[in-house]
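Some notes on the structure that comes next.
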There are 2 protein chains.
Amino acid sequence: MASPGNPRPVRLADIAKAAGVSHGTASNVFSRPEIVREEVRERVKAAAEAMGYGGPDPKGRLLRAGKVNAIGVATAEPLSYFFDDPFARVMMAGISQACDATGAGISLVSAANNEQLAWNIQSALVDGFIVFCIEGGSRLVQLARERKLPFVALDLASEDGSVATIGIDNVAGAAMAARHLTDLGHRRFAVLALEFVDGRTGLVSPDQAQNAVYAGTRDRLTGYFQELSRVGVDTTRVPIYATANDVASTKSALETIFGTAEPPTAILAMSDRMALVALEWLSARKLNVPNDVSIVGFDGVPEAAVSEPPLTTVAQPIAEMGRLAVKAILDNDGTTNRRQLPVELIVRASSAPPRG
Amino acid sequence: MASPGNPRPVRLADIAKAAGVSHGTASNVFSRPEIVREEVRERVKAAAEAMGYGGPDPKGRLLRAGKVNAIGVATAEPLSYFFDDPFARVMMAGISQACDATGAGISLVSAANNEQLAWNIQSALVDGFIVFCIEGGSRLVQLARERKLPFVALDLASEDGSVATIGIDNVAGAAMAARHLTDLGHRRFAVLALEFVDGRTGLVSPDQAQNAVYAGTRDRLTGYFQELSRVGVDTTRVPIYATANDVASTKSALETIFGTAEPPTAILAMSDRMALVALEWLSARKLNVPNDVSIVGFDGVPEAAVSEPPLTTVAQPIAEMGRLAVKAILDNDGTTNRRQLPVELIVRASSAPPRG
DNA sequence: AGCAATATTTGAATCGATCCAACGAAAGTG
DNA sequence: CACTTTCGTTGGATCGATTCAAATATTGCT
């Protein structure tokens with residue numbers, strides 16, 4: 001039908017000419033109709049209609065106005081991450097809420113492969129960035145910073161004090177999880193870890209862990225081991241398996257962990273996602289949670305409340321973090337550096353004293 | 001730190017002057033570095049660095065280049081709809097996939113309140129729109145069309161042949177659901193409907209249904225009743241309750257439907273979301289599904305496969321619809337008008353013959 | 001009718017880049 | 001050495017709008 005598939009070179013200036021007015025007046029017809037005489041206004045509108053003019057092109061307006069009225073959310077994962085991952089979804093819900101309240105839009109920017117990455121960030125039309133640093137964060141942060149736009153990194157315990165961050169106290173949160181399990185009497189542990197270094201999954205030695213690129217992962221491990229040491233557990237013998245936080249690598253991790261002579265009685269998982277996979281995997285193996293194995297997750301995603309059994313976990317105020325991030329960007333007063341929100345241990349049915 | 005909170009008026013022209021070259025050359029340094037002499041290139045880059053230039057502003061580039069390289073997804077719901085609603089999420093996953101493949105970004109545009117709505121659509125920086133027409137679609141479609149950008153309406157069985165649409169055969173899908181239940185022997189039904197008219201929930205009479213604004217809702221009802229009539233059910237006595245497709249109004253619907261002397265043995269739900277709420281509500285009432293009541297949903301969202309009991313439903317190729325929509329927008333050849341995809345009845349455990 | 005006050009309209013300047021025809025300088029050729 | 005290529009650089013035109021001071025038209029008042 002009407003759509004010819006190609007050029008639509010009808011500009012404001014065209015209809016101004018057609019209506020016999022200056023482009024200044026034509027512009028006013030759309031942006032401040034009340035100051036234009038009715039007769040003229042109608043004439044211009046008629047011309048616009050006749051020529052198939054779709055209203056002032058935001059591309060043009062933008063340049064003059066300066067503000068895009070949208071905030072960018074960037075991640076190194078594929079775009080579908082925003083809709084699949086439970087953590088991301090709760091976070092996005094918080095971000096959405098804050099954006100709705102202020103009328104801002106959301107631009108999703110992905111950078112799954114490295115070349116696109118740079119370009120996508122560099123050319124994103126946004127007033128600021130929220131960077132998801134769950135994985136592969138460092139490069140993203142650098143690119144975002146180069147845009148010299150307001151930006152906030154989420155969930156990144158970066159060394160770099162110059163990066164505005166909204167996060168949690170990973171050490172304290174992890175310690176709470178470990179403490180809960182040691183209090184229950186557990187002494188044999190395994191850690192389902194997030195990546196310490198980009199793309200590296202598998203068993204990780206304690207020194208490798210100390211040299212982590214991802215400070216968040218390292219800090220959680222520190223928190224875990226801090227508590228385990230207190231009760232005399234030899235942490236050098238606790239298996240640490242880094243996964244890509246997906247089903248496949250988490251299952252590999254579990255195979256390895258439970259393939260040993262003395263399997264753990266308790267699992268410390270650095271994400272609820274891994275913990276939930278573990279729940280399923282153990283159930284398929286006829287291992288009872290919490291009686292054979294206790295599990296404590298991390299994040300506090302909604303799914304953790306309705307799993308079988310419901311998951312004990314360290315809950316982050318995820319949605320709140322999203323809301324704060326938007327706020328930090330919109331009223332970019334430069335004050336919001338490095339905010340740390342409290343976490344909370346939620347005890348549910350996936351943890352209990354070890355057998356016997 | 002470095003972020004002063006206000007103006008950053010450093011433009012390409014500024015660094016050009018600082019480096020003692022023309023703006024043309026300065027531009028080349030960033031867009032085609034290979035054609036400018038190394039010495040000059042370094043000089044310009046140094047100047048940029050020194051003055052805190054964040055690279056060519058996409059706002060400026062955009063005007064010249066024309067393409068935003070992002071597609072807009074618009075809905076009349078709040079932005080969080082994209083992350084909360086199961087149907088929307090699967091659809092967005094399909095859209096994400098197609099966008100990732102082509103390197104395009106996604107702009108989420110919401111229009112929860114009417115004034116913002118118009119403006120948000122009119123000022124969205126996108127190359128085309130995908131309009132979610134689940135609810136409140138008509139106005140959205142009109143606004144999107146006025147932008148004269150490529151656009152596709154999803155899930156809208158519009159009368160208007162000039163609107164490009166990707167959808168399903170609602171009548172046929174609904175008929176399959178009803179046929180399944182009548183085949184099982186059911187004769188007493190209730191319909192959990194989506195809205196027929198904007199924002200109107202509650203019991204709906206058959207004539208009101210015929211005057212629906214939302215053709216999709218009406219068509220599904222037509223499909224249901226077509227089959228029910230075939231086996232002699234008096235459709236005028238089948239309660240039709242329109243909900244807002246949320247928990248609260250679905251519960252009200254169920255209260256009403258099961259508050260009668262002769263409650264139905266089978267429920268036809270126009271969305272899985274409602275069907276899942278019904279599952280829970282009935283279980284809380286100690287009514288067994290499928291023995292006391294059978295339920296057939298609509299959509300085929302992932303949650304329907306893992307509910308208790310798993311839900312019999314009419315599955316749409318949701319993700320595929322999303323993928324096709326993106327494709328239709330990107331290679332806007334004007335050919336993609338009104339595409340209808342097949343639906344499929346997935347029989348699970350929520351439907352069985354009525355008692356006795 | 002004459003003049004001030006008010007209502008409209010005009011057109012140049014601006015937003016921040018990219019593109020491209022033209023041009024000067026250095027290198028290659030006979 | 002004059003003459004063509006090649007390479008790099010320049011600066012004006014352009015993308016599509018908004019803004020605003022100045023110009024012009026209308027209206028009100030005596």
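All values below were derived from every heavy atom in this structure, side-chain atoms included, with hydrogens, water molecules and symmetry-related copies excluded. In what follows, chains carry the letters A, B, and so on, assigned in the order in which the sequence lines appear, proteins first and then strands, with residues in each chain numbered from 1. Just so it is clear, the model here is predicted, and its values are computed rather than measured.
Closest to the side chain of Leu12(B), out of dT19(D), dG11(C), dT18(C), is dT18(C). Comparing dT9(C), dT14(D), dG16(C) against the side chain of Arg64(B) picks out dT14(D) as the nearest. Closest contact between the side chain of Arg32(B) and the listed nucleotides dC19(C), dA17(D), dG11(D) involves dC19(C). Nearest nucleotide to the Ser27(A) side chain, out of dT9(D), dT9(C), dT19(D): dT19(D).
Between the CZ atom of Arg43(B) and the P atom of dG8(D) there is a distance of 14 Å, rounded to whole Å. Distance, Arg147(B) CZ to dG16(D) C1': 13 Å, rounded to whole Å. What separates CZ of Arg11(B) from C1' of dT18(C) is a distance of 16 Å, to the nearest Å. To the nearest angstrom, C1' of dT6(D) lies 14 Å from CZ of Arg37(B). One atom, NZ of Lys59(B), and another, C1' of dA17(D), lie 15 Å apart when rounded to the nearest Å. Protein atom CG of Asp14(A) is 12 Å distant from nucleotide atom C1' of dA17(D), rounded to whole Å. One can place CG of Leu125(A) at 14 Å from P of dG16(C), the figure rounded to the nearest angstrom. Nucleotide dG16(D) holds its C1' atom 9 Å from the CG atom of Leu63(A), rounded to whole Å.
Residue order along DNA chain C, read from the 5' end via each residue's closest nucleotide, puts Val21(A) first among Val21(A) and Gly24(B). The 5' end of DNA chain C is approached more closely, in terms of each residue's nearest nucleotide, by Glu34(A) than by the other of His23(A) and Glu34(A). Nearest-nucleotide positions on DNA chain D place Asn28(B) closer to the 5' end than the other of Ala26(A) and Asn28(B). With the nearest nucleotide of DNA chain D identified for both Thr25(B) and Gly60(B), Thr25(B) has the one nearer the 5' end.
Summarising the geometry of Val163(B) relative to Thr165(B), their closest heavy-atom pair is O-OG1, 3.1 Å, with the distance given to 0.1 Å. Of all non-hydrogen atoms in Ala124(A) and Val109(A), the two that sit nearest each other are CB-CG2, 4.0 Å.
To the nearest 0.5 angstrom, Arg339(B) atom CZ is 8.5 Å from Lys327(B) atom NZ.
If you look at Phe82(B) and Phe82(A), their ring centroids are not closer than 6.0 Å. Checked against the 6.0 Å centroid criterion, the rings of Phe87(A) and Phe132(A) do not qualify as a close aromatic pair.
For dA17(C), the OP1/OP2 oxygens have a side-chain nitrogen or oxygen of Tyr53(B) closer than 4.0 Å.
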